[in-house]
Colleague: 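The structure under discussion is supplied below as structure tokens; questions concerning it will follow.
Please read these numbers as outputs of a predicted model, since none were measured by experiment. Below, chains carry the letters A, B, ... as their sequence lines are ordered, and counting in each starts from 1.
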Amino acid sequence: MPELPEVEFFRHCLSQGRDNSPPILRENIREAELLWKGALAAPSPDEFLARVQGQTVERIGRRGKYLLIHLSEDTLVLHFRMSGEVVVEAQTEPVAKHCRLMLNFDDGIRLAFNNPRKFGRVWLVADPEALLAHLGPEPLSDAFTPERFYTTLQGCHRQMKYFLLDQKIIAGLGNIYVDEALYLSKIHPQTKSDTLSFEQAELLWKSIRQVLRDGIENQGTSFDWMYKGGNYQHFLKVYQRTGEPCAICGTPIKRITIAQRGTHYCPSCQTLSEK
DNA sequence: ACGAGCGCCTGTCGGC
DNA sequence: TGCCGACAGGCGCTCG
């Protein structure tokens, strides 16, 4: 499921190119094809198709789990939610089964937004800042400091799993990287945020940045058919390793449900002290 | 303020 | 072998 590292990899591919797929910078959009209308959050399909036509790709960005394709007039904002990827390919290629939107460029290539589960959404907006104003800080930016993080932790009395999944707190973390970061910092996922010491907060801050950087370095985490780009799944310590021995102490990894999500942790390394 | 529950989806997997 | 229900999960929403 595309979280920050996976989306960052998409950003890299679209702006730098990859293997047999060229970058799409300076490409001009001849026409767009909306294969599933539900993928479009705004504006209306008619307005979208008319407005996007003729615009040129100027820059590729990312904010949290959102991929930003800055065009000459507007910005195309993509969110994958549970599954999928963006692919640059020749217009002569067969259309992928789960393709929801295509941008056909002037020179024979296209950008395909493939999204098997139809949870992903696309926006075409003049002002992406306004659309994404609810997001918390970028975890890899200089603005995200241990001090600021600690202050935010102190301001809430929430289970750490909930806290870290909240995009208003930090932008870009999802289920995989939250479990991994909590494991690295030896914090139980049900620990209340305002009970952490500054030292624990600082260790968690480091761990969050560590797992995200490692994820990016490995081009993200591949999971079954949902996204098949990266290699980070080979380095996961707890996520989807229920019953396997903890790398540190050998205790079997436990799986519980928090926030309607599978949550994996080492019951020996990550203990719950106080509530 | 917090968190449970639900709906949106579809491929996969276990049970029969 | 094949059918079917359960499950997974990001996010916005309602509700207690």
Side-chain angles (χ1 to χ4, degrees), chain A residues 1-8 10 34-42 62-67 77-86 95-101 113-123 128 130-136 139 151-182 188-196 208 211-212 215 220-228 232-233 236 238-243 253-265 272 274-275:
Chain A
M1 35 234 88
E3 302 181 26
L4 188 153
E6 291 76 29
V7 180
E8 180 59 25
F10 297 153
L34 187 60
L35 289 85
W36 186 68
K37 287 187 179 177
L40 189 62
R62 179 194 58 73
R63 178 80 171 90
K65 305 176 194 175
Y66 294 81
L67 183 65
V77 181
L78 307 177
H79 195 299
F80 299 84
R81 296 262 182 110
M82 282 300 299
S83 58
E85 58 191 348
V86 279
V95 177
K97 184 179 177 187
H98 302 295
C99 182
R100 311 300 178 197
L101 172 70
F113 173 64
N114 299 332
N115 189 235
R117 298 203 184 144
K118 296 173 170 175
F119 289 173
R121 290 293 178 269
V122 176
W123 297 257
L131 179 66
L132 306 176
H134 64 284
L135 294 177
T151 304
T152 313
L153 282 161
Q154 291 294 299
C156 300
H157 187 69
R158 304 173 68 182
Q159 297 178 31
M160 286 309 298
K161 178 80 176 192
Y162 272 100
F163 181 88
L164 294 175
L165 284 172
D166 189 341
Q167 302 299 298
K168 295 189 286 297
I169 304 284
I170 302 172
L173 291 178
N175 209 29
I176 298 174
Y177 294 92
V178 165
D179 282 6
E180 293 298 312
L182 286 171
H188 189 286
Q190 287 176 307
T191 307
K192 296 288 185 157
S193 53
D194 57 355
T195 66
L196 293 192
I208 289 167
V211 296
L212 292 175
T221 305
S222 297
F223 258 97
D224 306 328
W225 48 276
M226 296 203 275
Y227 162 66
K228 327 176 267 303
Y232 193 55
Q233 66 277 12
L236 298 176
V238 288
Y239 188 78
Q240 296 232 325
R241 297 204 180 280
T242 311
I253 298 302
K254 199 173 168 186
R255 182 187 192 278
I256 57 175
T257 299
I258 307 174
Q260 287 77 249
R261 285 169 186 89
T263 300
H264 314 75
Y265 70 104
L272 193 56
E274 52 182 314
K275 284 213 167 182

Colleague: Taking the side chain of A:Lys97 as its heavy atoms from C-beta onward, which of B:dG11, B:dG3, C:dG9 lies nearest to it?
Modeller: B:dG11

Colleague: On a heavy-atom basis, which atom in A:Leu165 and which in A:Ala259 lie closest, and how many Å separate them?
Modeller: CD1-CB, 4.5 Å

Colleague: Verify the contact: side-chain N or O of A:Arg158 to OP1 or OP2 of B:dG3, cut-off strictly under 4.0 Å; return yes or no.
Modeller: yes

Colleague: Distance check needed: B:dC8 C1' versus A:Phe80 CZ, whole Å only.
Modeller: 18 Å

Colleague: Determine whether the aromatic ring of A:Phe119 stacks with the base of C:dG10, defined as ring centroids separated by less than 5.5 Å and ring planes inclined by less than 30°.
Modeller: yes

Colleague: As a test of reading the structure: which of B:dC9, C:dC11, B:dC2 is closest to the side chain of A:Arg261, going by heavy atoms?
Modeller: C:dC11

Colleague: When the distance from CD of A:Gln233 to C1' of C:dA8 is rounded to whole Å, what number comes out?
Modeller: 17 Å

Colleague: Is it true that the side chains of A:Asp194 and A:His157 contain a donor and an acceptor less than 3.5 Å apart?
Modeller: yes

Colleague: Expressed as a whole number of angstroms, how long is the span from A:Asp179:CG to C:dA8:P?
Modeller: 13 Å

Colleague: Ignoring backbone atoms, establish whether A:His98 has a side-chain N or O less than 4.0 Å from OP1 or OP2 of B:dG11.
Modeller: yes

Colleague: Within less than 4.0 Å of OP1 or OP2 of C:dC11, is there a side-chain N or O belonging to A:His79?
Modeller: yes

Colleague: Anything under 3.5 Å between a donor and an acceptor, one on a side chain of residues 169-176 of chain A, the other on a protein residue two or more places apart or in another chain? List them.
Modeller:
| residue | atom | partner | partner atom | Å |
| --- | --- | --- | --- | --- |
| A:Asn175 | OD1 | A:Lys161 | NZ | 2.5 |
| A:Asn175 | ND2 | A:Gly262 | O | 3.0 |

Colleague: Among A:Leu272, A:Ile258, A:Ile256, which residue meets the side-chain contact (heavy atoms from CB on, under 4.5 Å) test with A:Tyr265?
Modeller: A:Ile256

Colleague: Any base atoms under 4.0 Å from A:Gly38, or only sugar-phosphate, or nothing? Heavy atoms, all strands.
Modeller: nothing

Colleague: Picking from B:dG3, B:dC9, C:dG9, which would you name as closest to the side chain of A:Lys118?
Modeller: B:dC9

Colleague: Nearest to the A:His134 side chain among C:dG10, C:dA8, C:dG12, which nucleotide is it?
Modeller: C:dG12

Colleague: Assess the residue pair A:Met160 and A:Leu196 against the criterion (side chain to side chain contact (heavy atoms under 4.5 Å, CB included)); give the C-alpha distance rounded to whole Å, side-chain angles, the decisive distance to 0.1 Å, and a yes or no.
Modeller: CA-CA 10 Å; A:Met160 286 309 298; A:Leu196 293 192; 4.1 Å; yes

Colleague: With pairs defined as Watson-Crick or G-U wobble and both distances under 3.5 angstrom, please note down DNA chain C as a dot-bracket string, | for pairing with another strand.
Modeller: .|||||||||||||||

Colleague: For residues A:Phe119 and A:Met82, report the shortest heavy-atom separation together with the two atoms involved.
Modeller: CD1-CG, 3.2 Å

Colleague: Between atom CD of A:Gln167 and atom NZ of A:Lys65, what is the distance when rounded to the nearest 0.5 Å?
Modeller: 4.0 Å

Colleague: Taking the side chain of A:Lys192 as its heavy atoms from C-beta onward, which of B:dC2, C:dC11, B:dC9 lies nearest to it?
Modeller: B:dC2

Colleague: Please state whether the phosphate of C:dG9, meaning OP1 or OP2, lies under 4.0 angstrom from any side-chain nitrogen or oxygen of A:Tyr239.
Modeller: yes

Colleague: Whole Å only: how far is the CZ atom of A:Arg121 from the P atom of C:dG12?
Modeller: 11 Å

Colleague: Are any of A:Gln260's side-chain N or O atoms less than 4.0 Å away from OP1 or OP2 of B:dC6?
Modeller: no

Colleague: Rounded to the nearest angstrom, tell me the gap between atom CZ in A:Arg81 and atom C1' in B:dT10.
Modeller: 15 Å

Colleague: Could you tell me if the ring centre of A:Tyr232 sits under 6.0 Å from that of A:Tyr177?
Modeller: yes

Colleague: Between A:Arg100 (CZ) and B:dC9 (P), how many Å, whole number?
Modeller: 10 Å

Colleague: For A:Lys161 and B:dG3, is the shortest distance between a side-chain N/O and OP1 or OP2 below 4.0 Å?
Modeller: no

Colleague: I want to check one thing: is the phosphate of B:dG3, taken as OP1 and OP2, less than 4.0 Å away from some side-chain N or O of A:Gln159?
Modeller: yes

Colleague: A:Gln167 CD to C:dG9 P: how many Å, rounded?
Modeller: 15 Å

Colleague: In whole angstrom, give the distance that lies between atom CG of A:Asn115 and atom C1' of C:dG10.
Modeller: 11 Å

